[in-house]
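The structure under discussion appears below in the form of structure tokens.
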Amino acid sequence: MPRDLLTIEVSRVAPRHALLRLAGELDFDTAPDLVRVAKQVRAEGYDEVTVDLTDVTLCDSSGLSAIVVLYRSGARTVRLTGMNNQVQQLLSRTGLAELLAGPRPGERDAGGSEPDDGAREVG
């Protein structure tokens, strides 16, 4: 049976906002594709990125790593949408849900202090 490969559809929805729609498996074999596309989008000046995971059937630690690379890419805003239970549980169990939900490095949190954990914001 053939592997469920990853496809990434890029939509440039606004001058600085790109939407990445993923479908298939985000794993060791396909995570570099997400990193490559994310770098391309950032190089084109898109600093607001939404990643739609609605059609992702599997995400492993390599897929999580690719998501972290995207957050560290310098994008002003990164949003994850359409996460299924498996992806949500993976983010929770690894502690990445909390990390990725915090303020970005150098930004002040609601209390006015700067974070020291390198977190990124999910909108």
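No experiment lies behind these values; they were computed from the predicted model shown.
Distance CG/L91 to CD/Q86: 9.0 Å, rounded to 0.5 Å. The line from CD of E25 to CG of D55 is 13.0 Å long, rounded to the nearest 0.5 Å. Atom CD in Q40 sits 10.0 Å away from atom CD1 in I8 (nearest 0.5 Å). Separating the CG atom in L90 from the CG atom in D60 is a distance of 8.0 Å, to the nearest 0.5 Å. The distance from the CZ atom of R76 to the NE2 atom of H17 is 10.0 Å, given to the nearest 0.5 Å. The CG atom of D27 lies 8.0 Å from the CG atom of L6; values are rounded to the nearest 0.5 Å.
V49 and L96 fall within the same hydrophobic cluster, where Ile, Leu, Val, Met, Phe, Trp and Tyr residues are linked whenever their side-chain heavy atoms come under 4.5 Å apart, directly or through other members. In this structure, L64 is a member of the same hydrophobic cluster as V51, with clusters built from ILVMFWY side-chain heavy atoms closer than 4.5 Å. A continuous path of Ile, Leu, Val, Met, Phe, Trp and Tyr side chains, each step under 4.5 Å between heavy atoms, connects I67 with M83, placing both in one hydrophobic cluster. In terms of hydrophobic clustering, with Ile, Leu, Val, Met, Phe, Trp and Tyr side chains grouped at heavy-atom distances under 4.5 Å, V69 and L80 are assigned to different clusters. In the hydrophobic cluster analysis, where Ile, Leu, Val, Met, Phe, Trp and Tyr join through side-chain heavy atoms closer than 4.5 angstrom, V37 is grouped together with V68.
By the side-chain contact (heavy atoms from CB on, under 4.5 Å) test, S11 is found to be paired with E9, V13, L19, R21, residues two or more places apart in sequence or in another chain being considered.
In plain terms, the two heavy atoms of G63 and L26 that are nearest each other are CA-CG, 3.5 Å. Y46 approaches A18 most closely through the heavy-atom pair CD2-N, 3.9 Å.
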message = Before you tell me yes or no, could you show the steps for T30 and D33 under side-chain hydrogen bond (donor to acceptor under 3.5 Å, both in side chains), namely the whole-Å CA-CA distance, both residues' side-chain angles and the distance that decides it to 0.1 Å?
response = CA-CA 5 Å; T30 61; D33 296 336; 5.5 Å; no
message = For a side-chain contact (heavy atoms from CB on, under 4.5 Å) check, start with the C-alpha distance between N84 and L53, then their side-chain angles and the critical distance, and finish with the verdict.
response = CA-CA 8 Å; N84 63 31; L53 302 168; over 6 Å; no
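Residue L22 forms a side-chain contact (heavy atoms from CB on, under 4.5 Å) with just one option from V56, T57, T7, and that option is V56.
With a 4.5 Å cut-off on side-chain heavy atoms, L20 and L34 count as touching. Contact check for D47 versus T77: no side-chain heavy atoms found under the 4.5 Å cut-off. V41 places a side-chain heavy atom less than 4.5 Å from the side chain of V10.
Here the side chain of S73 pairs a donor or acceptor atom with the backbone of L70 at under 3.5 angstrom.
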